[in-house]
Amino acid sequence: MPPAKRGLAMVFQSYALYPHMTVRKNIAFPLRMAKLDQAEIDKRVEGAASVLNLTDYLDRRPGQLSGGQRQRVAIGRAIVREPAAFLFDEPLSNLDAALRVGMRLEISELHERLATTMIYVTHDQVEAMTMADKIVVLQAGVIEQVGSPLELYRTPRNLFVAGFIGSPKMNFIEGEEAMKHGAHTIGIRPEHIAVSDSEGTWSGVVGVSEHLGSDTFFHIHETGLADTITVRADGEVGFRHGDRIHLTPRADVIHRFDAQGLRIE
Amino acid sequence: MARAVTTRCKSLNTALAWAIRLLIFFPILWTILISFKTEAQAIASPPLFLNFNWTLENYAIVQERSDYMRFLWNSVIIAGGSTILGVIIAVPAAWAMAFVPSKRTKDILLWMLSTKMLPAVGVLYPIYLLFIRLGLLDTRGGLVVVLMLINLPIIVWMLYTYFREIPGEILEAARMDGATLKEEILYVLTPMAIPGIASTVLLNFILAWNEAFWTLNLTAVDAAPLTAFIASYSSPEGLFFAKLSAASTMAIAPILILGWFSQKQLVRGLTFGAVK
């Protein structure tokens with residue numbers, strides 16, 4: 001079956017707009033190819049343009065638009081076809097950070113409004129976590145886990161998913177400490193470790209700290225557990241490079257994995 | 001100091017560029033100048049540069065002796081026809097090589113180009129015989145086909161390099177949007193490649209216009225283009241430099257004018273891909 005007859009519409013990473021056509025013609029192209037009559041084409045293009053705030057730009061060419069606007073044209077070209085499902089191939093990876101957040105919300109909102117299935121490929125796990133109803137984690141063509149974002153976050157099926165979902169990455173500890181929990185490897189997320197300057201289960205020395213304002217991420221060394229343990233603390237916590245720090249993991253959210261890397265319930 | 005040096009360097013470069021330009025253009029300039037001299041002045045020694053009696057006599061004689069417009073018309077049809085036919089054949093070929101290459105695409109491209117390395121005279125005999133058999137001798141149609149085939153490798157190569165610059169995703173998007181292969185090439189690929197196609201057309205028009213070997217060997221009267229028009233003045237029974245020059249000037253004038261007005265496209269075509 002040829003691509004066009006599958007009822008799918010695709011939004012490309014590079015937008016893949018037709019540079020020699022105006023926005024109007026770009027959006028109308030699939031309809032023209034489907035041999036729709038002109039009145040219907042105009043109606044649908046106007047409709048898509050108003051949904052995507054492109055009405056003022058219909059007579060411009062892609063070269064005269066910003067990255068975000070081009071992305072919207074690409075989406076417009078997809079929605080006029082009224083497909084059964086959308087395919088998004090890393091649609092936001094060419095945008096700058098601020099625009100990406102904005103477009104992320106716009107696509108989520110569009111999803112609500114159109115109520116159409118969207119299959120969205122991304123490397124950005126924030127996009128995956130915030131936009132998805134269901135995430136399929138793939139590694140080298142193999143499905144590692146399928147589930148809702150929170151399912152994946154709370155009960156990762158194996159080490160790959162555990163390390164992939166969540167930012168910063170989950171800490172993995174092997175050896176003696178893991179044996180205590182009856183596992184080959186245990187995983188604990190940075191946000192599930194409490195920090196203190198006086199007491200805790202583990203202790204180490206503060207390396208690099210990343211201050212984000214709302215949060216601070218500390219990279220702790222010399223814990224005897226792993227090369228680096230990352231912890232999240234409040235923005236106000238003020239450890240300095242070289243300070244000794246004490247860590248206490250939340251016992252109920254320690255993930256246990258066997259020698260094959262699979263989760264132990 | 002540094003500034004002074006760069007300025008001097010720049011003017012030196014400019015002077016050099018002009019000198020080379022003059023050197024290349026000189027034969028054409030000289031031809032044009034001779035065309036305005038009398039036969040005696042044309043072969044005078046030492047040669048006369050500008051201080052001669054300017055005359056249009058040669059042009060009048062040339063026009064009287066042979067019908068310029070008929071040759072011009074043949075040239076236009078042969079050069080134009082072979083170029084258009086070539087592009088029509090080369091666009092799908094270049095599309096295939098640029099967007100769905102196989103393991104052997106590079107080899108095919110080289111093989112096509114290698115046909116240009118064969119001396120034309122090497123295939124004169126078979127082609128001449130074919131022309132006799134098919135009744136194509138001295139026909140414009142026959143020449144259109146031969147010149148198209150001669151230039152086809154260059155057209156395919158040029159279009160191939162232009163097409164390679166076009167992101168394949170755009171064509172995939174067109175397919176996704178329901179365009180058939182024909183629509184994809186017609187509505188998406190060709191319009192995007194217009195600048196490239198334009199310079200390809202121009203360059204090949206010029207190549208076909210100036211092509212002398214085949215046009216001289218395969219025509220006599222009916223299909224003779226401007227190359228034959230010039231050749232008819234290099235007769236063995238005497239030197240008619242001035243008339244020959246007048247004929248040459250008349251033959252190259254249209255292509256010179258065309259080249260002048262499309263310089264930009266041509267330069268883009270010749271240097272395309274050199275700088276990204």
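Below, chains carry the letters A, B, ... as their sequence lines are ordered, and counting in each starts from 1.
Against chain B, the residues from residues 26-41 of chain A that qualify, each with a non-hydrogen atom under 4.5 angstrom away, are A/Phe29, A/Pro30, A/Arg32, A/Met33, A/Lys35 in number order. At a heavy-atom separation below 4.5 angstrom, chain A is approached by no residue within residues 144-154 of chain B. At a heavy-atom separation below 4.5 angstrom, chain A is approached by B/Ala173, B/Ala174, B/Arg175, B/Met176, B/Asp177, B/Gly178, B/Ala179 within residues 173-180 of chain B.
For B/Glu169, the parts lying under 4.5 angstrom from a heavy atom of chain A are both the backbone and the side chain.
No side-chain donor-acceptor contact under 3.5 Å links A/His20 to the backbone of B/Ala193.
Heavy atoms from other residues, nucleotides or ligands lying under 6.0 Å from CG of A/Leu212 number more than 12. For A/Arg154, the CZ atom is loosely surrounded, since the number of other residues' heavy atoms within 6.0 Å does not exceed 12. Residue B/Lys116 qualifies as enclosed at atom NZ: its count of foreign heavy atoms under 6.0 Å is above 12. Other residues, nucleotides and ligands contribute at most 12 non-hydrogen atoms within 6.0 Å of the CG atom of A/Asp227.
With sequence neighbours excluded, the residues satisfying side chain to side chain donor-acceptor pair (under 3.5 Å) with B/Thr215 are B/Thr227.
For chain B, the option among A/Arg81, A/Met21, A/Met10 with the highest count of heavy-atom pairs below 4.5 Å is A/Arg81.
In this structure, A/Phe12 CZ and B/Glu172 CD are separated by 5.5 Å, a value rounded to the nearest 0.5 Å.
When every heavy atom of A/Pro19 is checked against every heavy atom of B/Ile170, the shortest pair comes out as CD-CD1, 4.1 Å.
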